[in-house]
Amino acid sequence: MQPAKGAVLYIHPFAEEMNKSRRMAAKQARSLAEAGYCVLQMDLLGCGDSSGGFEEATWDIWLEDVAHACKHLQSRSQAPITLWGMRAGCLLAAQAAAQLSEPVNFIFWQPVLAGKQHWQQFLRLKLAGELASGNSKGVTDEIRASLAAGKPVDIAGYSIAPGLAQGLEHANLIPPPETKPSVGWIDISNRPDATLSPAAQKRIQDWESAGCCVLPAVVQGPAFWQTTEIEDAPELLKVTLEILEAQT
């Protein structure tokens with residue numbers, strides 16, 4: 001048996017985006033495995049088929065989950081590790097990498113740049129529900145007060161513990177210190193002529209200024225992590241493999 005070209009760990013998005021992305025992640029994992037990579041898909045605590053409930057999850061526990069998954073990969077393969085994050089999973093990947101003993105590379109799918117903005121977007125789901133019932137006034141303040149008091153909050157069918165909300169809110173997509181990883185940065189757009197957003201371009205410059213090699217791409221496809229129907233983005237699968245091959 002040939003040694004694996006590389007070891008790839010998939011880190012899924014936050015909340016319902018995880019479910020919407022599951023099909024594309026599975027198709028990509030199969031594609032990478034067929035190309036000779038050792039691939040591990042994990043469910044963070046409280047998500048998917050993992051143990052525990054979502055209300056038990058904290059950001060620090062999820063970081064530990066990533067570290068444990070990396071150790072498992074290392075026990076199966078001596079190949080260098082790539083952390084493949086999707087949306088908020090990119091925030092986890094970058095932060096977890098700073099705590100690992102070995103350097104890693106990254107593949108980012110439509111990365112969230114700042115956890116604070118992502119959390120605020122998630123809060124809007126709660127506000128939208130309360131607006132429909134006429135109870136939106138003061139909802140944000142109530143949520144913040146509950147979290148500050150150590151109480152979980154229920155949003156869009158998910159019970160969010162303070163340790164998860166606060167960890168996400170303070171997370172930023174910044175390069176891990178003292179390493180210079182290769183980063184495959186892939187955004188997805190339905191427009192054939194789309195380019196990276198100014199915010200993404202600025203963040204990529206920050207990574208490059210830290211000595212990282214960033215391989216950016218914009219591929220055509222649907223925003224499958226938020227569409228009503230489950231959709232595919234075939235070009236994303238192809239470009240991801242090409243970037244991973246370039247990294248290894």
Side-chain angles (χ1 to χ4, degrees), residues 4-44 47-48 66 69 73 79-94 97 104-114 117-118 121 173 181-201 203-204 207-208 212-248:
K5 293 180 180 179
V8 182
L9 172 64
Y10 174 63
I11 307 172
H12 61 70
F14 181 70
E16 196 58 26
E17 289 189 358
M18 176 198 71
N19 296 322
K20 295 288 188 179
S21 304
R22 191 174 288 277
R23 174 180 167 86
M24 275 298 296
K27 294 185 75 169
Q28 185 70 77
R30 285 193 293 269
S31 172
L32 297 180
E34 290 170 358
Y37 291 88
C38 179
V39 185
L40 175 61
Q41 291 182 266
M42 62 178 294
D43 284 334
L44 299 164
C47 302
V66 174
L73 264 179
I81 290 179
T82 296
L83 298 183
W84 158 32
M86 171 73 194
R87 302 286 290 145
C90 301
L91 296 173
L92 268 173
V104 298
N105 289 328
F106 299 99
I107 293 287
F108 290 157
W109 275 8
Q110 197 70 34
V112 170
L113 306 183
Q117 182 182 27
H118 199 52
Q121 291 170 346
L173 194 64
S182 174
V183 183
W185 185 301
I186 310 175
D187 278 358
I188 303 100
S189 174
N190 266 321
R191 291 170 38 216
D193 59 343
T195 59
L196 290 167
S197 70
Q201 293 179 36
R203 191 59 59 91
I204 287 172
W207 280 69
E208 291 176 333
C212 305
C213 174
V214 182
L215 306 173
V218 179
V219 302
Q220 188 173 5
F224 55 85
W225 58 94
Q226 61 185 19
T227 54
T228 302
E229 301 295 329
I230 302 300
E231 298 197 50
D232 290 342
E235 187 181 351
L236 176 60
L237 304 178
K238 175 176 173 289
V239 171
T240 298
L241 178 57
E242 290 174 349
I243 289 179
L244 192 58
E245 295 278 4
Q247 290 177 318
T248 55

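We number each residue from 1, following the sequence as shown.
Other residues, nucleotides and ligands place more than 12 heavy atoms under 6.0 Å from the CD atom of Glu245. Residue-environment remark: CD (Gln121) exceeds the threshold of 12 foreign heavy atoms within 6.0 Å.
For the pair Asp187/Trp109, no side-chain contact is recorded, criterion being any heavy-atom separation below 4.5 Å from C-beta on. Trp185 is listed as a side-chain neighbour of Arg203, based on a closest heavy-atom distance under 4.5 Å. Side-chain atoms of Val8 and Leu40, non-hydrogen and from C-beta on, never get closer than 4.5 Å to each other. Considering only heavy atoms from C-beta on, Asp43 comes within 4.5 Å of Arg22 through its side chain. Inter-residue side-chain proximity for Met42 and Leu44 is flagged as met; some heavy-atom pair is nearer than 4.5 Å. Residues Ser21 and Tyr10 form a side-chain contact, since some pair of their non-hydrogen atoms from C-beta on lies under 4.5 Å apart.
Nearest heavy-atom pair across Leu196 and Val218 is N-CG2, 3.6 Å. Among all heavy-atom pairs drawn from Val112 and Leu91, the shortest one is O-CD2, 3.3 Å. Contact between Asn105 and Ser182 at its shortest, heavy atoms only, is OD1-N, 2.9 Å. Heavy atoms only, all atoms of each residue included: Pro216 and Ile204 are closest at CB-CD1, 4.1 Å. Pro13 and Met18 get closest at one heavy-atom pair: O-CB, 3.6 Å. When all heavy atoms of Gln28 and Leu241 are compared, the closest pair comes out as NE2-N, 4.4 Å.
Using a 4.0 Å cut-off between charged side-chain N and carboxylate O, Arg30 and Glu34 make no salt bridge. With respect to Arg23 and Glu231, no salt bridge is recorded, no charged nitrogen being found less than 4.0 Å from a carboxylate O.
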*Given the rule in the side-chain contact (heavy atoms from CB on, under 4.5 Å) test, do Ser189 and Gln220 qualify, once you have shown the distances and angles that lead to the verdict?*
CA-CA 5 Å; Ser189 174; Gln220 188 173 5; over 6 Å; no
*Candidate pair Glu16 and Lys20, rule salt bridge (charged side-chain N to carboxylate O under 4.0 Å, His left out), full reasoning*: CA-CA 6 Å; Glu16 196 58 26; Lys20 295 288 188 179; 5.5 Å; no
Show me the side-chain donor-acceptor pairs of residues 79-87 shorter than 3.5 Å, one per line, residues at least two apart or across chains.
{"unit_1": "Arg87", "atom_1": "NE", "unit_2": "Glu17", "atom_2": "OE1", "d": "3.1"}
{"unit_1": "Arg87", "atom_1": "NH1", "unit_2": "Gln110", "atom_2": "O", "d": "3.3"}
{"unit_1": "Arg87", "atom_1": "NH2", "unit_2": "Glu17", "atom_2": "OE2", "d": "3.4"}

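Residue Lys5 holds its NZ atom at 13.5 Å from SG of Cys38, rounded to the nearest 0.5 Å. Here the CG-CD1 distance, from Leu215 to Ile107, works out to 8.0 Å after rounding to the nearest 0.5 Å. If you take NZ on Lys27 and CG on Leu32, they are separated by 13.5 Å, rounding to the nearest 0.5 Å. Atom CD1 of Ile243 and atom CD1 of Ile186 lie 4.0 Å apart (nearest 0.5 Å). Rounded to the nearest 0.5 Å, atoms CZ (Phe224) and CD1 (Ile188) are 5.0 Å apart. The structure places CD of Gln247 at 12.5 Å from CD of Glu242, a figure rounded to the nearest 0.5 Å.
Side-chain rings of Trp225 and Phe14 stay apart, their centers remaining 6.0 Å or farther from each other.
By the side chain to side chain donor-acceptor pair (under 3.5 Å) test, Gln41 pairs with no residue at all, sequence neighbours left out.
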